[in-house]
Amino acid sequence: MVEFVKKKFENRNGIISFEIKDTETKKVTSFYQETPFPNYKDEDNKQTILEKGNKNFLAAQFKKFIGYKKSILEVGCGTGQLSIYFSIGTNNNVVALDPTIQSLNLAKKFADSNSISNIKFLNADIFDDVLTDQYFDFIWCNGVLHHTKDPYGAFKILIKSLKSKGYVLIGLYNKYGRLRTVIRRYLYKLFGKKFLEKIDPTLKNLKLDENEKNAWIRDQYIHPIESLHTIDEVLKWFDENNIDFVSSIPSSDFDFDYKNIFEKKSRGSLYSRIINQFTMIFNSLGSDGGLFVLIGKKH
Ligand SMILES: C[S@@+](CC[C@H](N)C(=O)[O-])C[C@H]1O[C@@H](n2cnc3c(N)ncnc32)[C@H](O)[C@@H]1O
């Protein structure tokens, strides 16, 4: 008996599994099966994952805000590094969901060999709607819905499993902010990998090994399914599903206050939202792939 799923499942090597049947999702899983994302390095352990997480200001704030004894769902966890970060040193119950079993196998192996027991891995497709209603205190879904056939449909399914007063974080590729990546994608097609390595800021990072570089190139430049979104679109999703806007990155108003992203901020105006998303093209948000994030709280 597992409380957080409402449908009959199989236990495959300690991973709660549902058969992945959807053809679009299968395109994505066969893509990640070749280069699971993000990759683990041989020397990775509890400490290195903790350090990596603490350096990610969004993840570190989230972990601090959650506190203890909460149920957390990460949707599209890939190899589960972030979910593992949320589990380390807490008594929270973390559920890490992904349809790519090869990624989850790596995650499970890492959790087992580092004696991390407050995390469960769930091999499922969002669209199969397997999660128990009103179960989680927090849902983290970053960099995932734009790789599905119907991002809003997926959002509506996910949000059912969030408790009242629970928080959701959604990260998506931005229609304006991803312009630099879209241009680089054309240049990559024309001039190849060596040229891309000269113009992609992430690939210029000397600390990345060849596997990490290849995983990044595949994820950013040759993904089979990718869509682009705006803050206004996600605000509409929130409004239609009883979710109050809490904050966004970039800011929706001209306040640019990211010290506490779980504190309620102004939604700004259409004008401020467009300007701030357009500005992403010229700042680090745009150079790193153009992800924007919205946080909401269920009524
Ligand atoms: C770009 S990776 C992001 C991984 C991780 N969230 C991160 O930020 O590093 C996208 C992930 O979304 C997952 N995904 C794609 N379609 C999905 C679906 N229908 N249901 C659940 N997860 C899905 C993929 O398997 C993949 O692990």
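FYI, side chains are in, hydrogens and waters are out, and symmetry mates aren't considered; it's all heavy atoms of this structure. Predicted model only: the values in this text are computed from it and were never measured. Ligands are counted one by one from 1 in listed order, and the atoms in each one are counted from 1 as well.
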Output field: ring centroids F86/F62 closer than 6.0 Å:
yes

With respect to T100, determine whether any N or O atom, backbone or side chain, lies less than 3.5 Å from an N or O atom of ligand 1.
yes

Non-hydrogen atoms of T148 and I225 that approach each other most closely
O-CG2, 3.7 Å

Short N/O distance, under 3.5 Å, between L97 and ligand 1?
no

For residues D257 and N260, report the shortest heavy-atom separation together with the two atoms involved.
OD1-N, 4.5 Å

Answer yes if the ring centres of H147 and Y173 are under 6.0 angstrom apart, and no otherwise.
yes

Between I66 and the options T90, V94, N92, the side-chain contact (heavy atoms from CB on, under 4.5 Å) test singles out N92

I want to check a possible cation-pi pair here: R184 against Y221, using under 6.0 Å from ring centre and within 45° of the ring axis as the test.
no

Can you report which non-hydrogen protein atom sits closest to atom 11 (C) of ligand 1, along with the distance?
G76 O, 3.8 Å

Among L131, T132, D133, which residue satisfies the side-chain contact (heavy atoms from CB on, under 4.5 Å) criterion with K160?
D133

Starting from atom 22 (N) of ligand 1, find the nearest protein heavy-atom neighbour and note its residue, name and distance.
P99 CD, 3.0 Å

Give the atom numbers and elements of ligand 1 that come within less than 4.0 Å of a heavy atom of D219.
1 (C)

Of the protein's non-hydrogen atoms, which lies at the shortest distance from atom 25 (O) of ligand 1, and what is that distance?
D98 OD1, 2.7 Å

On the six-membered ring of Y85, is K63 placed so that its NZ or CZ lies under 6.0 angstrom from the centre and within 45° of the ring axis?
yes

Could D137 and K163 be called an ion pair, given the rule that one side-chain N must be under 4.0 Å from one carboxylate O?
yes

Heavy atoms only, cut-off 4.0 Å: how does E74 contact ligand 1, side chain, backbone, both, or neither?
side chain

For the residue pair K149 and F127, would you count it as a cation-pi contact if the rule is NZ or CZ under 6.0 angstrom from the ring centre and within 45 degrees of the ring axis?
yes

For atom 19 (N) of ligand 1, grab the closest protein heavy atom and report residue, atom and distance to one decimal in Å.
D125 OD1, 2.8 Å

Atoms of ligand 1 close to G78 [distance to a heavy atom under 4.0 angstrom, numbered from 1]:
27 (O)

Considering heavy atoms of the protein only, find what lies nearest to atom 3 (C) of ligand 1 and give residue, atom and distance to 0.1 Å.
G143 O, 3.7 Å

protein heavy-atom neighbour closest to atom 15 (C) of ligand 1 works out as V28 CG1, 3.5 Å

I need the contact type for T29 against ligand 1. Using non-hydrogen atoms and a strict under-4.0 Å cut-off, is it side chain, backbone, both or neither?
neither

Need the ligand 1 atom indices (1-based, order shown) with element for anything under 4.0 Å from a heavy-atom of T25.
19 (N)

Judged on heavy-atom distance to atom 16 (N) of ligand 1, which of T148, D150, L122, I225 sits nearest?
T148

Give the residue and atom name of whichever protein heavy atom lies nearest to atom 12 (O) of ligand 1, and the separation in Å to one decimal.
V144 CG1, 3.5 Å

When you measure from atom 7 (C) of ligand 1 to every protein heavy atom, which one gives the shortest distance, and what is it?
N142 O, 4.2 Å

